[in-house]
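One structure is given below, encoded as structure tokens.
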Amino acid sequence: MARGRRFGIDRFGIGLFIQDGAYTTVAAAVSILLVLTLAFSSATAVWTLSRSGDVQVAADAAALAGENVVSSYRTAATVVDAAVLSMGLAGFGIAGAGLVGLLVPGAQAKAAQMIDTGLDVIEFRNDFARSASRGLQRLERAIPFAIAANATRTAAAQGTERVAYTGSAIAVPQESASEFPGIEEDGIDTKPLEQAADELGAVADELERASQETAAAKRRAWLADCGSDGANMQERAASLTGLGAAENPDYASSITWEPQVGLDRARAYYRWRLDNNRAEDSSTEAAADAVAREAFYAYAVDQLSRARIEEVGGRVVVDLPRLPGNTAEARATSLYTDARWPTTAEEGGRTLHYSLSCPGAAGAPAGNASVAQVEVGGVMECDTCRFGVGDLGKMPAASTSIDNGFEYHLRAFTEALEEYARARNRELELERKAQSQAALAGDAFEEAIEKIAVARPRIAPPGRYGCIALVTAAEVSTPGELENAFAPGTTVPARGAMAAAVLAPDEATAHNNVLASFFSTLEERAGGGATGIIGDVMELWGALLMSYGDVSEGLGEAMDGLLGTLDGFGLGPVATWLSDRVDAVVRGLGFEPVDLRVMKPVLTDSGNVLARTGGTGISDLQEALRSLPVGSTDPEAILEAVGYAIEERLSEATFTIAEIPLPGGGSIPLTITLGELL
């Protein structure tokens with residue numbers, strides 16, 4: 001049996017490899033040869049596969065590079081729109097606050113400067129918008145070329161000493177559908193607003209002068225009532241009566257004091273004097289003086305009870321009596337004409353007395369008579385009391401002519417209030433005129449600012465749906481290190497690949513959005529920070545620029561801040577009305593939030609982009625791929641192969657989209673450099 005099995009092995013030649021159960025030298029040699037052959041063949045295969053796959057990597061890089069141009073354009077277009085919009089809103093915000101300030105006492109000079117500054121900023125905005133419109137149009141025409149050029153440069157950069165890649169990219173679509181209604185208009189006409197502001201300013205100046213006259217008259221009345229040092233109505237009432245602080249209050253300022261306080265004080269004063277009037281002694285003269293005082297106090301109480309200080313139908317009514325201050329003035333009052341004094345039938349005829357208790361009243365009572373009748377001869381004067389109009393006039397004469405009398409200050413109070421009424425009525429008339437002019441200014445403001453409140457721009461540049469990269473690689477042979485007896489060299493033929501890229505959003509944050517880096521650069525280029533250049537103007541513009549994502553909220557907050565600075569001056573009724581109007585206009589603009597996310601290129605299936613080409617099929621792209629000059633480094637030939645004539649765009653290799661004018665002087669250029677892409 002053993003011999004038979006060995007015979008079988010030898011019969012098939014296996015004995016050359018196995019003998020006596022072990023591998024022979026031949027077996028070992030063949031195994032080594034096979035291992036070496038497989039190893040070198042595998043290395044060649046790996047190298048071949050690597051060269052074949054590298055062209056796809058180069059195509060992916062070229063697609064991303066091409067779509068990155070679109071990403072950069074979107075950023076530039078968003079920055080331009082944000083700068084135009086925020087600059088215009090800053091101008092209107094400042095001008096609107098200035099309009100309100102024209103009607104605020106003490107703020108007119110600053111308000112006029114604010115209006116001038118605001119209108120200047122709007123004009124800067126107009127210049128910038130026109131410049132930006134032209135720049136963006138030029139840039140959009142260059143985008144397809146820039147996509148192709150950037151992809152060409154990137155494809156070439158993937159090559160090595162042994163492998164050269166040639167490629168480019170095609171924008172999908174190649175036409176623009178962008179709309180920029182906010183920056184393509186002719187500009188905002190500020191002349192109507194400027195004229196309305198001038199007319200409002202003129203009325204405001206008149207109103208300010210009238211307000212000052214009103215305040216001065218009111219202050220004089222306050223001084224007479226309780227404001228002057230030393231004697232005044234309050235001090236005299238405190239010295240001559242027992243009135244408490246509730247009926248005889250003191251006010252430290254005419255601003256908090258109202259004229260009604262003085263009228264109420266005078267009423268309380270004369271009521272107290274009437275209720276507490278007494279004769280100084282038992283003499284006839286003292287008794288007559290007491291009766292004369294009583295008559296005067298009663299007359300004052302009656303007259304003051306009908307007095308009024310009020311605003312009715314848009315006019316101030318000051319109806320205060322002028323109490324008589326001497327005999328001549330007493331003759332013009334009811335004290336002179338009222339038949340209130342007793343008479344008696346004496347031997348010489350009917351005689352007037354201060355009272356029937358007069359020692360000279362010996363006859364029978366004969367009814368009442370007026371002191372006027374004594375002077376015209378209808379009634380005789382009593383020889384004892386000699387009571388007449390002189391007694392009624394002498395009582396207030398002293399207290400009216402010198403400042404230690406209450407009537408002296410009451411008369412000054414009355415005269416000042418009469419001036420106050422005239423000034424206040426003039427002021428109210430001008431307030432109505434100012435409100436009418438403020439309404440016209442508000443209309444001009446609303447009409448002008450509504451031109452900014454247009455639909456948000458539609459950023460739809462060439463390449464908005466993506467781009468398709470086409471890359472070829474030249475024929476390449478295996479390196480000499482891989483060529484040997486075990487694995488002879490091979491050649492990888494010319495090959496090509498296609499890739500596509502689109503834009504995908506990267507979530508925006510406070511520090512990662514299309515404006516954050518721009519405004520940071522803007523501050524540096526403008527000269528050391530926003531506040532240091534042009535103060536509040538630049539600061540406001542920066543705040544509105546950074547709130548571009550939610551313009552309505554940002555503008556509302558800005559207006560609150562601007563109008564809030566005027567509160568300290570004290571807004572009058574017209575200023576308050578205009579402030580509310582301006583604030584309502586601003587908040588009613590209805591801006592939609594803006595997408596500030598950074599758009600970054602990402603790879604996608606080529607079919608996704610091919611579906612948006614509008615007719616260009618895979619066969620057309622394959623034809624373009626075959627048209628690429630394999631191994632060429634001539635950008636003109638490469639770009640012409642995908643449909644671009646390089647000479648058409650060289651003149652636009654570098655240009656400025658727009659110049660951002662700074663209200664403080666100078667400007668900041670927004671420059672795009674396409675030359676680097678070549």
Less than 4.5 Å apart, any side-chain heavy atom of Pro192 and any of Glu447?
no
Taking all heavy atoms of Ser178 and all of Tyr73, pick out the closest pair and write down the distance.
OG-OH, 4.2 Å
Using the rule given for side-chain contact (heavy atoms from CB on, under 4.5 Å), can you reason through Leu603 versus Val502, listing the C-alpha separation, both sets of side-chain angles and the distance that settles it, and then say yes or no?
CA-CA 6 Å; Leu603 294 173; Val502 295; over 6 Å; no
When you measure from the side chain of Thr154 to the backbone N and O of Ala62, does any donor-acceptor pair fall under 3.5 Å?
no
d(Thr117 OG1, Lys110 NZ) to nearest 0.5 Å is 11.0 Å
Should Val471 and Thr166 be marked as a side-chain contact (heavy atoms from CB on, under 4.5 Å) after you check the CA-CA gap, both sets of side-chain angles, and the distance that decides it?
CA-CA 6 Å; Val471 178; Thr166 301; over 6 Å; no
If you compare all heavy atoms of Ile147 against all heavy atoms of Pro462, which two are closest, and at what distance to 0.1 Å?
CD1-O, 4.3 Å
Judged by atom type as modelled, is there a donor-acceptor pair below 3.5 Å linking the side chain of Arg153 to the main-chain atoms of Asn150?
no
Considering all heavy atoms, the nearest Ser606-Ala500 contact
CA-CB, 3.6 Å
Can you tell me if Arg74 uses its side chain to pair, donor with acceptor, with the backbone of Val70 under 3.5 Å?
no
Rounded to the nearest 0.5 Å, what separation is found between the CD1 atom of Ile459 and the CE atom of Met599?
10.0 Å
Any donor-acceptor N/O pair, Thr152 side chain to Gly167 backbone, under 3.5 Å
yes
Looking at every non-hydrogen atom in both residues, tell me the closest pair between Glu67 and Gly466 and how far apart they are.
OE1-C, 3.2 Å
What's the separation between atom CG in Leu193 and atom CG in Leu119, rounded to the nearest 0.5 Å?
5.5 Å
Distance (rounded to the nearest 0.5 Å) between Thr190 OG1 and Phe445 CZ
13.0 Å
Rounded to the nearest 0.5 Å, what separates atom CD1 in Ile94 from atom CG in Asp120?
10.0 Å
Non-hydrogen atoms of Val69 and Ile143 that approach each other most closely:
CG1-O, 4.3 Å
If every non-hydrogen atom of Ala171 is compared with every non-hydrogen atom of Cys467, which pair is closest and at what distance?
CA-CB, 4.3 Å
About how many Å separate NZ of Lys600 and CG of Leu64, when rounded to the nearest 0.5 Å?
12.5 Å
